[in-house]
S.K.: 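Can you keep this structure in mind? I'll have questions shortly.
Residue numbers start from 1 in every chain, and the chains themselves are labelled A, B, ... in the order their sequence lines are given, proteins ahead of strands. The structure displayed is predicted, hence computed values, not measured ones.
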2 protein chains.
Amino acid sequence: MSAPHSEQASGRSRGPGRPRQDDISDRVLDAVLALIDADTPVTVNAVVARSGVSRAALYRRWATLPKLVAAALDRGRSPIELPEGGSALETLERIAPQPGDDVLAGYSEARLRQRLRLGLADHAVQREYWESHVSRRRAPVTAELERGRRSGEIRADIDPEIVQDLLAGMYYYQVVVRGEQLQSPEVIARCRAATTLIREAIENRAPRPDRAPHRQR
Amino acid sequence: MSAPHSEQASGRSRGPGRPRQDDISDRVLDAVLALIDADTPVTVNAVVARSGVSRAALYRRWATLPKLVAAALDRGRSPIELPEGGSALETLERIAPQPGDDVLAGYSEARLRQRLRLGLADHAVQREYWESHVSRRRAPVTAELERGRRSGEIRADIDPEIVQDLLAGMYYYQVVVRGEQLQSPEVIARCRAATTLIREAIENRAPRPDRAPHRQR
């Protein structure tokens, strides 16, 4: 659930002295979030009026309004940091939040619920958020699962995308259907148990006597 | 994802001649859905005005407004029908939708998205929906998984609630995060692959030589 602030999507470039472009992006993203928080429809006109940034400058940074809204909603999310060393399966368990962890990595639960609501109401924003933010954020975990497959640690027939859907889906289900708080120790324990179950499911246990013995008989 | 229309929650009683009480419940639930569809806040006054049913009659059927809203949002959802015969693990695979199935069992995708949105905006409605509808709907599947545990078919350490969170979470993730349509053949295939993975994970393969041999050495 923890996730990177996409530099590409927010139009930031890091350099000495924090260039002016940064300030413009910040002002625009602040304006979008302020409109969302005030339950005001996010239109280009409203963003221009509130941020004082020109329409042209705005479109130079974000080609479409859904791209801009998605970037604003992603603000404050941090990248998944994969631990150094260890097997791919160990990585999977290590990145699962533990009791006491900041499950949302700085992102607030209120913002998460708001983002999901806006996505459900506006399919273009939802798809943009998926394509520019969530799917990119998943890439390092996909790579890690692929590494595990190559090393023979993870079953060759496992699809990393399905593994990630299952794991992330577990967390989303707590928020979206159960109406739980992700910080709750009970929820963290439930999600960790799910992670362990998935880990066991994808582990390559071959050569396993109950799979291969028939050839030897 | 398919799910029962809770008779209890909607206040229906089935008998000959379709008693008048039925019509009253229908009128009220219709009124709530009409307000939701018109993006009008659902208040008791608005429901009374629109349905023509008295405040007292309304409160006799639903003790609170969240209970009423949850009942309205659950309208049209049908129960999970467990197939007769077969093992618990087979049941799990059989109830997973196949290509061509009506995944939402009569419920519409638009209503699903709307329900999730309203739940994310109103925690009381969300919790009510979970307690009066979703958690009840899951009960037969929980019982089926328990049956599998008792018969030794499913691992004794498996928690049926976690299995259901994972499976249902997979479907919700498609809608809520990926922004996909549940009817899409690709989505159905992905969710079926996830179900198979979970089935393999919970299957009791003991006595398995790679688990128990140390004692024998």
S.K.: Working to the nearest 0.5 angstrom, can you tell me the gap between B/Leu166 CG and A/Arg190 CZ?
M.R.: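 The CZ atom of A/Arg190 is 11.0 Å from CG of B/Leu166, to the nearest 0.5 Å.
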S.K.: How far does CG of B/Leu197 sit from CD1 of A/Ile158, to the nearest 0.5 angstrom?
M.R.: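 The CD1 atom of A/Ile158 is 4.5 Å from CG of B/Leu197, to the nearest 0.5 Å.
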S.K.: Which of the residues B/Met170, B/Arg117, B/Gln114 is involved in the greatest number of heavy-atom pairs with chain A at under 4.5 angstrom?
M.R.: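 Most heavy-atom pairs within the cutoff with chain A belong to B/Arg117.
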S.K.: Answer with side chain, backbone, both or neither: which region of A/Ile198 has an atom nearer than 4.5 Å to a non-hydrogen atom of chain B?
M.R.: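 When you check distances to chain B, only side chain atoms of A/Ile198 fall under 4.5 Å.
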S.K.: Does A/Glu180 reach the side chain of B/Arg127, with side-chain heavy atoms less than 4.5 Å apart?
M.R.: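 SC-SC contact between A/Glu180 and B/Arg127 confirmed.
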S.K.: Does any heavy atom of chain A fall under 4.5 Å from the side chain of B/Gln174, the backbone, both, or neither of them?
M.R.: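 It is the side chain, since no backbone atom gets that close.
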S.K.: Could you check which of A/Gly119, A/Ala193, A/Gly179, A/Ala121 has the highest count of heavy-atom pairs closer than 4.5 Å to chain B?
M.R.: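 Maximum pair count with chain B is reached by A/Gly179.
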S.K.: Main chain of A/Ala201, side chain of B/Glu200: is a donor-acceptor contact present, judged purely on distance under 3.5 Å?
M.R.: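 No, B/Glu200 side chain to A/Ala201 backbone: no donor-acceptor pair under 3.5 Å.
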S.K.: Any side-chain heavy atom of B/Leu116 sitting closer than 4.5 Å to one from A/Leu116?
M.R.: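 The answer is no; the side chains never approach within 4.5 Å.
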S.K.: Show me the pairs that pass salt bridge (Lys or Arg N to Asp or Glu O under 4.0 Å) and involve residues 156-173 of chain B, at least two apart or across chains.
M.R.: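 Pairs touching residues 156-173 of chain B that pass the test: A/Arg178-B/Glu161, A/Arg178-B/Asp165, B/Arg138-B/Glu161, B/Arg138-B/Asp165, B/Arg155-B/Asp157.
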S.K.: With a cut-off of 6.0 Å (strictly less than), are more than 12 heavy atoms of other residues, nucleotides or ligands near CD of A/Glu186?
M.R.: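 No, because the 6.0 Å sphere around CD of A/Glu186 holds 12 heavy atoms or fewer from other groups.
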S.K.: With a 4.5 angstrom heavy-atom cut-off, which part of A/Val134 approaches chain B: side chain, backbone, both or neither?
M.R.: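 It is the side chain, since no backbone atom gets that close.
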S.K.: Any non-hydrogen side-chain atom of B/Gln181 less than 4.5 Å from a side-chain atom of A/His123?
M.R.: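 The answer is no, as the side chains (C-beta and beyond) never meet within the 4.5 Å cut-off.
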S.K.: Rounded to the nearest 0.5 Å, what separation is found between the OH atom of A/Tyr173 and the CD1 atom of B/Ile162?
M.R.: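 Answer for the OH-CD1 pair, A/Tyr173 versus B/Ile162, is 12.5 Å.
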S.K.: Could you pull out the closest heavy-atom pair between A/Trp130 and B/Val177, with the gap in Å?
M.R.: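 Where A/Trp130 meets B/Val177 most closely, the heavy atoms are CB-O, 3.6 Å.
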